[in-house]
Amino acid sequence: MRPLFLYYLICKLTSKCYHSGMEKYKVLLIGCGRVAVKHLKAIKKNSDRVELAALVDVSEEAAKKLDPSVPYFKDYKEAITTVKPDIVSVMVPSGLHFEIAKFALENGCNLLLEKPMTMSSSQSRDIYELSVKTGKKLAMGHIYRYFPIVGLVHDDINEGKFGKVTHGSIFVRWGHGDDYYGSAAWRGTWKSDGGALMNQTIHAIDLLVWLMGSKPVEAVSMISQRRAHIEAEDLGMAVLKMDDGSLASIEGTTCTSDKDKAAEFSVFCENGVITMGIRQGKPSLNIRDGNGKKLNGKYIRRQIKKGGISSLLGALNPHTAIYTDLIDSIANDRQPIADAYAGYTSVDNLMGIYKSAKLHQAVKLPLEEEFSSIDMSGYFEGEN
Ligand SMILES: NC(=O)c1ccc[n+]([C@@H]2O[C@H](COP(=O)([O-])OP(=O)(O)OC[C@H]3O[C@@H](n4cnc5c(N)ncnc54)[C@H](O)[C@@H]3O)[C@@H](O)[C@H]2O)c1
């Protein structure tokens with residue numbers, strides 16, 4: 001028998017990666033609803049480095065529907081202490097993120113935590129600080145940071161290749177009808193979800209701030225209810241002032257057609273403009289230098305060189321890239337691309353945006369006092 005084949009066989013039997021000698025990490029999925037399907041696909045795509053150890057959901061039916069072949073637990077605490085997973089992936093209603101993330105970190109697990117990190121500024125800071133204290137890696141489900149070419153654009157903007165950033169903008173027009181909001185009782189509630197800004201837009205806000213490379217110091221905003229029958233907003237607009245004087249404009253809504261979902265960001269610089277987006281599942285790219293010359297080809301070639309041609313398809317399931325990044329960050333003791341700090345600051349910025357809407361005035365960032373989505377309760381009462 002050839003030595004390499006023998007090594008492969010031994011590694012397979014002992015659950016190690018034959019080509020890298022690295023451990024195969026055990027993953028526990030908590031929450032088996034809509035987004036869990038993407039996690040399952042991403043775990044399969046990374047099956048040389050991770051294996052699904054068990055599923056947790058209060059609904060056994062949901063877990064069995066997702067994957068009937070692995071052990072099932074109703075209680076996440078029992079699952080974490082029994083399975084002792086390397087990675088816990090949390091995809092329960094957002095209002096439950098804090099308690100599960102805290103328990104997982106305290107029990108020595110690395111985390112893949114869906115966005116938003118938690119529903120309050122102080123809870124998010126607690127999770128960030130706990131991840132630093134325990135030394136465990138925490139990757140956020142901030143999918144936009146993992147789209148192809150985004151990383152290259154981030155590095156170039158931050159290395160000054162486009163000159164000074166003047167301003168940036170995002171829109172997230174992610175239409176959802178009453179069927180979506182009616183599909184689970186937690187959706188659109190202040191306690192467990194928030195509205196279009198908190199659920200559908202928070203990771204795009206994180207992306208814009210990350211790309212612009214400066215820190216928000218002030219937020220002004222307005223929110224409204226136009227179509228959805230929910231507690232929170234289905235339309236929100238905000239402007240962030242950054243510490244270098246640049247401005248970031250934000251539009252997030254679920255009022256638009258659910259057949260025409262679109263999200264786009266632009267960063268405007270002295271020597272160029274970068275616009276990237278996705279509409280009806282199709283990505284778009286428009287990168288130009290200061291003379292208006294298109295640079296798309298250059299960036300596509302660089303992305304292929306960096307990650308191979310398959311990396312251009314990353315927008316189809318960015319969760320695959322999140323798992324790959326988290327696995328690598330554990331193995332090489334570095335921070336994931338969308339780390340705990342990104343999770344904390346994005347919630348802090350969002351809470352500043354909500355607080356500004358509530359007070360009808362500009363709010364300083366980072367927040368000095370705790371603000372939670374629950375503080376928005378009753379905001380629209382009497383309007384409808
Ligand atoms: N990053 C992304 O692109 C993305 C996309 C969609 C959703 N999300 C986030 O993922 C999370 C889940 O969203 P979803 O749309 O999949 O929700 P969902 O309602 O479809 O699924 C949630 C699941 O959690 C289960 N659950 C509820 N309480 C539980 C508990 N105490 N213990 C274990 N399981 C419990 C429910 O039974 C349900 O199966 C939310 O935080 C959401 O913001 C992220």
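Every number for a ligand or one of its atoms is a count from 1 in the order of the listing. When reading the values below, keep in mind they use all heavy atoms of this one structure, side chains included, and skip hydrogens, waters and symmetry mates. Counting begins at 1 with the first residue of the sequence. Keep in mind it's a predicted model, so treat the numbers as computed, not measured.
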Asker: Under 4.0 Å from any heavy atom of Val58, which atoms of ligand 1 are there?
Answerer: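 Checking each atom against Val58, I get 26 (N), 27 (C), 28 (N), 29 (C), 30 (C), 31 (N), 32 (N), 33 (C), 34 (N), 35 (C), 37 (O).
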
Asker: Could you list the residues that satisfy salt bridge (charged side-chain N to carboxylate O under 4.0 Å, His left out) with Glu218, not counting sequence neighbours?
Answerer: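 Lys364.
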
Asker: Going by the order shown, which atoms of ligand 1 are within less than 4.0 Å of some heavy atom of Trp186?
Answerer: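 In order of number, 13 (O), 17 (O), 19 (O), 40 (C).
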
Asker: Should Pro93 be counted as touching ligand 1, given the test is an N or O pair under 3.5 Å?
Answerer: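 By distance alone, the answer is no.
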
Asker: Between Lys74 and ligand 1, does any nitrogen or oxygen pair lie at a separation below 3.5 Å?
Answerer: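 No: no nitrogen or oxygen of Lys74 is under 3.5 Å from one in ligand 1.
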
Asker: Just one of Tyr180, Trp174, Tyr181 clears the side chain to side chain donor-acceptor pair (under 3.5 Å) bar with Thr254, so which one?
Answerer: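 The option that passes is Tyr181.
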
Asker: One residue to check: Ser94. Relative to ligand 1, which of side chain, backbone, both or neither has a non-hydrogen atom less than 4.0 Å away?
Answerer: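 Near ligand 1, Ser94 shows its backbone as well as its side chain.
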
Asker: Given side chains that start at C-beta, do those of Leu197 and Leu350 come closer than 4.5 Å, heavy atoms only?
Answerer: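 Answer yes - side chains close enough.
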
Asker: Is the contact between Leu96 and ligand 1 made by the side chain, the backbone, both, or neither, using heavy atoms and a 4.0 Å cut-off?
Answerer: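 It is the side chain that touches ligand 1; the backbone stays farther off.
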
Asker: So is there a nitrogen or oxygen of Val35 less than 3.5 Å from a nitrogen or oxygen in ligand 1?
Answerer: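 Such a contact does occur with ligand 1.
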
Asker: Can you report which non-hydrogen protein atom sits closest to atom 3 (O) of ligand 1, along with the distance?
Answerer: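 Result for atom 3 (O) of ligand 1: Ile143 CD1, 3.6 Å.
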
Asker: Tell me which protein heavy atom sits closest to atom 11 (C) of ligand 1, plus the residue, atom name and distance to 0.1 Å.
Answerer: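 The answer is Val92 O, 3.4 Å.
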
Asker: Check each atom of ligand 1 against the heavy atoms of Met91 and keep those under 4.0 Å away; list them by number with element.
Answerer: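 Contacts of ligand 1 toward Met91, numbered from 1: 11 (C), 12 (C), 22 (C).
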
Asker: Identify, for atom 21 (O) of ligand 1, the protein heavy atom at the shortest distance, and state residue, atom and that distance.
Answerer: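 Minimum-distance protein heavy atom for atom 21 (O) of ligand 1 reads Gly33 CA, 3.2 Å.
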
Asker: Establish, yes or no, whether the cationic atom of Arg125 lies under 6.0 Å from the six-membered ring centre of Tyr128 and within 45° of the ring axis.
Answerer: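 Judged by the rule, Arg125 and Tyr128 form no cation-pi pair.
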
Asker: Around atom CD of Gln280, are there more than 12 heavy atoms from other residues, nucleotides or ligands closer than 6.0 Å?
Answerer: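 More than 12 within 6.0 Å, yes.
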
Asker: Which bit of Tyr76 is near ligand 1, meaning a heavy atom under 4.0 Å away: side chain, backbone, both or neither?
Answerer: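 Answer for Tyr76: neither.
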
Asker: Strictly by side-chain hydrogen bond (donor to acceptor under 3.5 Å, both in side chains), give each pair with a member in residues 335-344 just once, sequence neighbours left out.
Answerer: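 Listed by first then second residue: nothing to list.
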
Asker: Show me which atoms of ligand 1 lie under 4.0 Å from any heavy atom of Arg187.
Answerer: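 With Arg187 as reference, the close atoms of ligand 1 come out as 15 (O), 17 (O), 18 (P), 19 (O), 20 (O).
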
Asker: Look at atom 39 (O) of ligand 1 and say which protein heavy atom is nearest, naming residue and atom and giving the distance to 0.1 Å.
Answerer: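 The protein heavy atom lying closest is Asp57 OD2, 2.7 Å.
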
Asker: Is it possible for you to check whether Lys45 lies under 6.0 Å from the centre of the six-membered ring of Tyr323, through NZ or CZ, and within 45° of that ring's axis?
Answerer: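 No, Lys45 does not lie over the aromatic ring of Tyr323.
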
Asker: Cys32 heavy atoms, cut-off 4.0 Å: which ligand 1 atoms fall inside?
Answerer: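 It comes down to these atoms of ligand 1: 23 (C), 39 (O).
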
Asker: Which residue in the set His142, His39, His97 passes side chain to side chain donor-acceptor pair (under 3.5 Å) when paired with Glu114?
Answerer: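 Answer to the side chain to side chain donor-acceptor pair (under 3.5 Å) test with Glu114 among His142, His39, His97: His39.
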
Asker: Taking the side chain as everything from C-beta on, heavy atoms only, tell me whether Leu295 gets closer than 4.5 Å to Phe162.
Answerer: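 Leu295 vs Phe162: side chains touch.
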
Asker: Heavy-atom pairs closer than 4.0 Å: do any link ligand 1 to the side chain of Arg34, the backbone, both, or neither?
Answerer: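 Looking at Arg34 and ligand 1, atoms from backbone and side chain both fall under 4.0 Å.
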
Asker: Would you indicate whether Arg227, at its atom CZ, is surrounded by more than 12 heavy atoms from other residues, nucleotides or ligands within a distance under 6.0 Å?
Answerer: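 Atom CZ in Arg227 is not crowded, with 12 or fewer foreign heavy atoms closer than 6.0 Å.
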
Asker: Does the side chain of Val273 reach to within under 4.5 Å of the side chain of Val267, using non-hydrogen atoms?
Answerer: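 No, too far: nothing below the 4.5 Å cut-off.
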
Asker: Could you tell me whether Arg226 and Glu233 have a side-chain N and a carboxylate O separated by less than 4.0 Å?
Answerer: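 Looking at Glu233 together with Arg226, the answer is no, because their closest N to O distance does not fall below 4.0 Å.
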
Asker: Record the part of Lys115 in heavy-atom contact with ligand 1 below 4.0 Å; permitted values are side chain, backbone, both and neither.
Answerer: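 Both backbone and side chain.
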
Asker: Going by the order shown, which atoms of ligand 1 are within less than 4.0 Å of some heavy atom of Glu114?
Answerer: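 Selected atoms, number and element: 1 (N), 2 (C), 4 (C), 8 (N), 9 (C), 10 (O), 44 (C).
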
Asker: Heavy-atom contacts under 4.0 Å between His97 and ligand 1: side chain, backbone, both, or neither?
Answerer: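 Side chain only.
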
